[in-house]
2 protein chains.
Amino acid sequence: MSFMNFSKITDYALRILSHIAKDSEKVYWANDFCCKLDIPFRYLRKLLTILSKVDLLYNPQEKVRGYQLSRNPNSIQFIYIVKATGDDIIEQKCFFGYQQCPLNNPCGMYYKWKKISKGLISTLESTNS
Amino acid sequence: MSFMNFSKITDYALRILSHIAKDSEKVYWANDFCCKLDIPFRYLRKLLTILSKVDLLYNPQEKVRGYQLSRNPNSIQFIYIVKATGDDIIEQKCFFGYQQCPLNNPCGMYYKWKKISKGLISTLESTNS
DNA sequence: AGTAAATAATACCAAGAGGTGTCATTTATG
DNA sequence: CATAAATGACACCTCTTGGTATTATTTACT
Ligand code: SF4
Ligand code: SF4
């Protein structure tokens, strides 16, 4: 029952990385996020380890707790976060949800949908955390 | 794991109504759809009764089987179908998925997201089955 | 050293979407 | 009228996402 939505996990990842980017020198703990970002604490903790594994976050030093961005915030495009958390941004999806187009020629929605899709993707590519 | 997707039921409804619109005089049976439109038969049957109840389809005459559009195909905008099958197209959704914006001022994504959202909605409004 | 706190790992749980099976009813058709 | 086919209604199932609980481990701090 949704349309222009990311999955929850993507929403949360975007919130976290965007929040960290505001002060990317600081070392953050799970506690720093949960209240401000409206993410259930246990789920947040799970998510943080996921983000570490896909190399968006890391523990800054050996034997030190907490998280930082794994690289310069300017180089983390939103689209990378979206893809890393599993949302499939497909360049051109069928408006009717067909896996395989049953038509021989593009239907009336083909170009309109493509245009929207392109705009969306380029926005996600041109913005960073 | 999805982004620019409708729900399955919306996809199916779009396929059905779009298919009927090609020859809106004909009276259709469930059988006419399932093979061509790639919808599981039992689910299709359930969906057809739903579409009848929300007044997108109707049984053309009393005591006659089958389905037709309930009105002129030109007057059935895609956005109406999308809404009727439960997908919530909200005029302006938060990019980060917040229910309530935690910021005082619009964030960097506000206007970009709004623009995409508007384009999407106007496309769905300006196209019909 | 000893305790508190942060994290990792793992299993489990809940709700909803998508899909199937069954049976009863109703109409078409011979 | 009798039979086949289409439909409606309803229960049930499965899989994924989102979320919780538990336990163990590791580091910070006194
Ligand atoms: S042409 Fe139309 S039906 Fe075919 S894949 Fe493109 S959007 Fe889908
Ligand atoms: S300003 Fe940004 S964070 Fe606030 S509701 Fe709009 S998109 Fe969401």
Side-chain angles (χ1 to χ4, degrees), chain A residues 1-3 5-16 20 26-35 37-68 70 82-88 96-99, chain B residues 1-3 5-16 20 26-35 37-68 70 82-88 96-99:
Chain A
M1 300 305 205
S2 73
F3 177 63
N5 281 347
F6 297 111
S7 59
K8 274 289 181 196
I9 196 170
T10 299
D11 280 344
Y12 293 162
L14 289 168
R15 292 180 199 180
I16 291 169
I20 294 181
K26 187 181 165 190
V27 175
Y28 293 84
W29 289 338
N31 254 327
D32 294 328
F33 302 118
C34 71
C35 318
L37 303 185
D38 195 23
I39 306 174
F41 185 64
R42 297 254 160 68
Y43 196 71
L44 168 72
R45 289 246 319 281
K46 188 195 285 188
L47 178 52
L48 288 171
T49 66
I50 292 172
L51 294 178
S52 300
K53 285 182 180 167
V54 297
D55 201 33
L56 276 166
L57 295 177
Y58 82 129
N59 291 47
Q61 300 146 23
E62 281 295 314
K63 308 193 175 185
V64 171
R65 296 294 166 76
Y67 306 93
Q68 281 187 314
S70 57
V82 171
K83 285 180 177 172
T85 49
D87 272 320
D88 55 325
F96 296 97
Y98 286 117
Q99 296 298 322
Chain B
M1 302 305 206
S2 72
F3 177 65
N5 281 347
F6 298 110
S7 60
K8 273 290 181 195
I9 195 169
T10 299
D11 280 344
Y12 292 163
L14 289 169
R15 292 180 199 179
I16 291 168
I20 294 182
K26 186 181 165 189
V27 176
Y28 292 83
W29 290 338
N31 254 326
D32 295 328
F33 302 118
C34 72
C35 318
L37 303 185
D38 195 23
I39 307 174
F41 185 64
R42 297 255 159 66
Y43 196 72
L44 168 72
R45 289 244 320 279
K46 188 195 285 189
L47 178 52
L48 287 171
T49 67
I50 292 172
L51 294 178
S52 301
K53 284 181 181 166
V54 298
D55 201 32
L56 276 167
L57 296 177
Y58 82 131
N59 290 47
Q61 300 145 24
E62 281 294 314
K63 307 193 176 185
V64 171
R65 297 293 166 74
Y67 307 92
Q68 281 187 313
S70 59
V82 171
K83 284 180 176 171
T85 49
D87 272 320
D88 56 326
F96 296 96
Y98 286 118
Q99 296 298 319

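Naming convention: chains lettered A, B, ... in sequence-line order (proteins, then strands); numbering from 1 in each chain.
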Provide a list of protein-nucleic acid N or O atom pairs under 3.5 angstrom, restricted to nucleotides 21-25 of chain D.
unit_1  : atom_1 : unit_2   : atom_2 : d
dA21(D) : OP2    : Arg42(A) : NH1    : 3.2

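Heavy atoms from other residues, nucleotides or ligands lying under 6.0 Å from NZ of Lys8(A) number more than 12.
In the set dT20(D), dA6(D), dT7(C), the nucleotide with an atom closest to the side chain of Tyr43(A) is dT20(D). Side chain of Thr49(B), nearest nucleotide from dA9(D), dT7(C), dG8(D): dG8(D).
Looking at Leu47(B), Asp38(B), Leu48(B) one by one, the single match for side-chain contact (heavy atoms from CB on, under 4.5 Å) with Phe33(B) turns out to be Leu48(B).
For Tyr98(A), there are no ring-ring contact (aromatic ring centres under 6.0 Å, His included) partners, not counting sequence neighbours. Listed by chain and residue number, nothing satisfies the ring-ring contact (aromatic ring centres under 6.0 Å, His included) test with Phe41(B) (two or more places apart in sequence, or in another chain).
Atom OH in Tyr67(A) sits about 8 Å away from atom C1' in dA8(C), given to the nearest Å. Leu47(A) places its CG atom 14 Å from the P atom of dA9(C), with the value rounded to the nearest Å. For Lys53(A) and dA8(C), the NZ to P distance is 8 Å, given to the nearest whole Å. Ile50(A) has its CD1 atom 12 Å from the P atom of dG19(D), to the nearest Å. For the pair Asn5(B) CG and dA17(C) P, the interatomic distance rounds to 15 Å; values are reported in whole Å. Leu48(A) has its CG atom 15 Å from the C1' atom of dA9(C), to the nearest Å. Rounded to an integer number of Å, the gap from CG of Asp11(A) to C1' of dT17(D) is 13 Å. Remark: C1' of dG18(C) and CD1 of Ile39(B) are 13 Å apart, rounded to the nearest angstrom.
For Pro40(A) and Asn31(B), each mapped to the nucleotide of DNA chain D holding its nearest heavy atom, the one lying further toward the 5' end belongs to Asn31(B).
Taking CG from Leu51(A) and OG1 from Thr85(A), the interatomic distance works out to 7.5 Å, rounded to the nearest 0.5 Å. For the atom pair CG (Leu44(B)) and CD1 (Ile16(B)), the distance works out to 5.0 Å, reported to the nearest 0.5 Å.
Of the possible polar contacts, none joining the Arg45(B) side chain to the Ala30(B) backbone as a donor-acceptor pair under 3.5 Å is found.
Residue-level contact check: Tyr12(A) touches the backbone only, with heavy atoms under 4.0 Å from sugar-phosphate atoms and none from bases.
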